[in-house]
Amino acid sequence: MKPFFLLRSKRTPHPSVLSSVSSLSSDSNSNSSLILQTKHLLRKSQDHLHVLSLIDSGSLQPRLDLYSDLIKQCTNLKKLREGMAVHQHFLSSRFNPDLFFLNSVVNMYCKCASLEDARKVFDEMPERDVVTWTALMTGYAQNEQPLDALRLFPMMLGLGVPPNQFTFATLFKAAGAANGYEIGEQVHAVCVKFGCDLDVYVGSSLLDMYARQERMLEACLVFDMLESKNEVSWNALIAGYARKVDGENAMMKFREMQRSGFKATHFTYSSLFSACAGTGALEQGKWVHAHMVKSGQKLIAFIGNTLLDMYAKAGSIQDARKVFDRLDKRDVVSWNSMLKACAHHGLGKETISLFEEMRSFGIQPNHITFVCVLTACSHAGLLAEGQHYLKMMKMYKLEPEIEHYVTVVDLLGRAGLLEQAQKFIDEMPIEPNAAVWGALLGACRMHKNVELGKFAAERVFQLDPHDSGPPVLLSNIYASTGRWTEAARVRKMMKESGVKKEPACSWVEMENSVHMFVANDDSHPQIREILKFWEETNVKIKEVGYVPDKNHVLLFVDEEEREARLQYHCEKIALAFALLNMPPGATIRIMKNIRVCGDCHSAIKLVSKVMEREIIVRDKNRFHHFSKGSCSCDDYW
DNA sequence: CTAGGGTTAG
């Protein structure tokens, strides 16, 4: 801590404070009225340091409550420098601090994110009450030290200080942030014992903790038991479903919230948009957007950013751009989201010019900005640009992180420069992780390089033995080069080690519901009709030159069977379903949880031509806009 | 004097 006199204000004192003090200071009896006036004027001038100098000069006799006011204001304004000065000044005064005052000081340091100072005051306090403990816990919880917050609880109980609802609200927040669910559950039990579990603050925090663990059943139970509910508890519940990408339940709770007479807040809307973004539910999202406009809710950045992302993830880059243009204030997240949207739609040049525009506005890019820009370069094959922007990070004092290196390996690898990519990995200043080798492995799969692929796959196995991605890729490399025995060996290894492949699935939104298709699953009520329709379509595209590319069937089966298997890829089934049910001319949007396969890609291109349809496919990595027989990715993805 | 809910990458 710096001594107080080094922190003295250099600013000119607020004139009203000066004049009021000088007019009154001659009258020694009116010190208390002087203090009152000082307090009042302090609220306007906020010149804490000047008040201290008045005390030093003898113009003002301090009182404990004046110090309290000064500390409180520094807390609200989060002015650490001034708060420290007041604290130091107080220590050199003749006053003995009481518990209340020291609690305020602890709280001041916590709110100013200076936890070490808070802890020091806390440790030196002769006595502590529930407020002291809770203030420090909250400090830790709000400053990304949730474990430190949790550790205080047993100490507090051990010393016989009974917790209150404030304490529990903070503890559950800390437990949720620290993934400390076992601890959270134990605290829940203690909370019930102290009769605090029905409080709305405690409840919101508690249900949020369960929701973060995807335990929505428990979250709902806590919610239902609450004595009274408010916007926050509703929002916590809706946000829980949104995080799980459970749009259906999120929407259901939203409607219930309305019926119960609560108005949606910007928290509510941003959760709902991110829920819709997860499934790419454009129609639902549009409905919520309309609801928001009608409610009079302004398009502030926090909502705008999720709304933009929602349109982008539903494949409508034009709507995303419209939201971006209408935002009154764009923060770095707005720019990043728009950059990412362009990048995922394969608009490399546009991403770069948007980024240059961002720089010309003087907006400070962050790490995520560069991930977006580099991703754009990678998807569009902009080699030189990618390397240029990686170097540019230094200009902004940003150290490239592993994610940036992954993207550059991807960039080089996609372009077929496999040796250069390997050299790049060897020369990286940080230790390559599984994702880096995974990117190289992916490139080997793309360019059918068995030897380097094997090498990369071994690295990934070592670093991340539980990921199903690498073995699948490796077996695909073998399979696509006709080395079936080796492919089968990898598959067998996977089976034995218990690594499970994520099942492929595709889905289509129609009339406010989502229809999902999983490979080899015939549970959809329309399935027979869909398959028949696809067979007919298949004949049509074969007439214009479709040749099934059996490289993409990776099972060890005979030729005929492999062609048959190809026809049941879930994106094809989803496409057939959409063609069958959607009005002519309507754009078809298909989502897939993993990358679209090469054979489906060529099939869909031809479908867009033969059926005269605009088809948008969102896969794990990017968007494909199919139209008139070609795709926006130019077959580079 | 102490409390709870929301966004961007891979």
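Rounded to whole angstrom, the span from the CZ atom of A:Phe324 across to the C1' atom of B:dT7 amounts to 15 Å. Taking atom CZ on A:Phe254 and atom P on B:dG6, their separation rounds to 17 Å, with Å as the unit. One interatomic measurement links the two molecules: OH of A:Tyr269 to P of B:dT7, which rounds to 17 Å at whole-angstrom precision. With rounding to whole Å, A:Met292 atom CE is found 19 Å from B:dG6 atom P. A:Leu307 has its CG atom 14 Å from the P atom of B:dT7, to the nearest Å. Straight-line distance from the CZ atom of A:Phe355 to the C1' atom of B:dT8: 15 Å, rounded to whole Å. Rounded to an integer number of Å, the gap from NZ of A:Lys111 to P of B:dT2 is 6 Å. Atom CE in A:Met137 sits roughly 12 Å away from atom P in B:dA3 (whole-Å rounding).
Comparing atom distances between the A:Phe166 side chain and each of B:dT2, B:dG4, B:dA9 picks out B:dT2 as nearest. For A:Ile368, taking side-chain heavy atoms from C-beta onward, the closest of the listed nucleotides B:dA9, B:dG6, B:dG4 is B:dA9. Of all nucleotides listed (B:dA9, B:dG6, B:dG4), B:dA9 comes nearest to the side chain of A:Val371. When the nucleotides B:dC1, B:dG4, B:dG6 are ranked by their closest atom to the side chain of A:Ala169, B:dG4 comes out on top. Comparing B:dG6, B:dG4, B:dT2 by their closest approach to the side chain of A:Ile300 singles out B:dG6. Taking every side-chain heavy atom of A:Asp199 into account, B:dA3 is the closest of B:dT8, B:dA3, B:dT7. Listed candidates were B:dT2, B:dG6, B:dA9. Nearest to the side chain of A:Ala239 is B:dG6. Ranking B:dA3, B:dA9, B:dG6 by closeness to the A:Cys372 side chain, first place goes to B:dA9. Between B:dT8, B:dG4, B:dC1, one nucleotide has an atom nearer to the side chain of A:Lys340 than all others, and that is B:dT8. Closest contact between the side chain of A:Gln142 and the listed nucleotides B:dT8, B:dG6, B:dG4 involves B:dG4.
Look at A:Phe302 and the base of B:dG6; the rings stack, centres closer than 5.5 Å and planes less than 30° apart.
Within the nucleic acid shown, A:Arg128 has no heavy atom closer than 4.0 Å to any nucleic acid atom. Using a 4.0 Å heavy-atom criterion, one finds that A:Lys229 contacts no nucleic acid atom at all. Across all strands, A:His266 comes closer than 4.0 Å to base atoms (heavy-atom distances). Within 4.0 Å (heavy atoms only), A:Asp331 reaches no atom of the nucleic acid at all. Residue A:Ser204 is classed as a base contact, given a heavy-atom separation below 4.0 Å to a base. Contacts of A:Val232 with the nucleic acid, taken as non-hydrogen atoms under 4.0 Å apart, include base atoms. Among the protein residues, A:Ala435 comes within range of no part of the nucleic acid, since none of its heavy atoms lies under 4.0 Å from any strand. At the heavy-atom level, A:Arg330 lies nowhere under 4.0 Å from the strands shown. Among the protein residues, A:Val200 comes within range of the nucleic acid bases, having at least one heavy atom under 4.0 Å from a base atom. No engagement by A:Thr167 is indicated, since no non-hydrogen atom pair under 4.0 Å with the nucleic acid exists. Looking at heavy-atom distances under 4.0 Å, A:His404 makes no contact with the nucleic acid at all. Within 4.0 Å of A:Asn366, counting heavy atoms only, lies no atom of the nucleic acid at all.
Note on ring orientation: taking the six-membered ring where Trp is involved, the planes of A:Tyr109 and A:His87 are perpendicular (angle over 60°, cut-offs 30° and 60°).
Side chains of A:Ser205 and A:Asp208: no donor on one and acceptor on the other come within 3.5 Å. Side-chain polar atoms of A:Asn164 and A:Thr167 form a donor-acceptor pair below 3.5 angstrom. Side-chain polar atoms of A:Ser295 and A:Tyr269 form a donor-acceptor pair below 3.5 angstrom.
Between A:Lys72 and B:dC1 there is a side-chain polar atom (N or O) within less than 4.0 angstrom of OP1 or OP2. Close to B:dT2, at under 4.0 Å from its OP1 or OP2, lies a side-chain N or O of A:Asn107.
By the 4.0 Å N-to-carboxylate-O rule, A:Lys253 lies too far from A:Asp246 to be salt-bridged with it. A salt bridge is defined here as a Lys NZ or Arg NE, NH1 or NH2 lying under 4.0 Å from an Asp or Glu carboxylate O, and A:Glu185 with A:Arg215 meets this definition.
Here the two rings, on A:His379 and A:His345, have centers that are 6.0 Å apart or farther.
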